[in-house]
Amino acid sequence: MIKNNCPLHYTLNLIGTKWKPLILFHLLEGPLRSGVLQKKISGISNKMFTQTVRELELDGLIAREVFPVVPPKVEYSLTDKGKSLENILRNMDEWGATFYKD
């Protein structure tokens, strides 16, 4: 296995997929229930949503809280590590708003 010491490579491995930045961006608003979060992300399948939040949780960017109620309630929130990405995510959003052409 080749070790890559590039900080940008590390960052892109954490957030450089199609769905991860979107999930993180929506969680900047605060904790969201699983279903609400998934509805905010147009086009994501249930399988891909589950896979992506699991990866974000394993990487320490989001926290998952399960409430012992029926039906089960699951809520996601940003960890301190995830919150530290706020400027990056907001800058990406602003850049897209500037250059996006419909």
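- A distance of 8.0 Å separates CG in L22 from CD1 in I44, rounded to the nearest 0.5 Å.
- Rounding to the nearest 0.5 angstrom, the gap separating the OG1 atom in T11 from the CD1 atom in I15 is 6.5 Å.
- Residue R33 holds its CZ atom at 8.0 Å from CD of E75, rounded to the nearest 0.5 Å.
- Not one N or O on the side chain of S34 forms a donor-acceptor pair closer than 3.5 Å with the backbone of V74.
- A 4.5 Å side-chain heavy-atom check between F49 and I23 finds at least one atom pair inside the cut-off.
- No more than 12 heavy atoms of other residues, nucleotides or ligands lie within 6.0 Å of NZ in K18, so this atom counts as exposed by the packing criterion.
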Could you go through residues 87-99 and list every donor-acceptor pair under 3.5 Å that involves a side-chain atom there, pairing it with any protein atom two or more places apart or in another chain?
{"from": "R90", "atom 1": "NE", "to": "E86", "atom 2": "OE2", "distance (Å)": "2.8"}
{"from": "R90", "atom 1": "NH2", "to": "E86", "atom 2": "OE2", "distance (Å)": "3.3"}
{"from": "N91", "atom 1": "ND2", "to": "N87", "atom 2": "O", "distance (Å)": "3.1"}
{"from": "T98", "atom 1": "OG1", "to": "E94", "atom 2": "O", "distance (Å)": "3.0"}

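- One hydrophobic cluster holds both L28 and W19 under the rule that ILVMFWY side chains link at heavy-atom gaps under 4.5 Å.
- For the atom pair L85 CG and L27 CG, the distance stands at 11.5 Å (nearest 0.5 Å).
- To the nearest 0.5 Å, atom CG of residue L61 and atom NZ of residue K83 are 12.5 Å apart.
- Between I41 and M48, the closest side-chain pair of non-hydrogen atoms is not below 4.5 Å.
- Of the inter-residue distances, the one linking H26 atom NE2 with Y76 atom OH reads 15.5 Å to the nearest 0.5 angstrom.
- Take E55 and apply the salt bridge (Lys or Arg N to Asp or Glu O under 4.0 Å) test, not counting sequence neighbours, and it matches K20.
- The side-chain heavy atoms of T79 and E57, taken from C-beta on, include no pair separated by under 4.5 Å.
- By the 6.0 Å contact criterion, NZ on K39 is open, its count of non-hydrogen atoms from other residues, nucleotides or ligands being 12 or less.
- A continuous path of Ile, Leu, Val, Met, Phe, Trp and Tyr side chains, each step under 4.5 Å between heavy atoms, connects L24 with Y10, placing both in one hydrophobic cluster.
- Both I62 and V66 belong to a single network of hydrophobic side chains, linked directly or stepwise wherever heavy atoms of I, L, V, M, F, W or Y lie under 4.5 Å apart.
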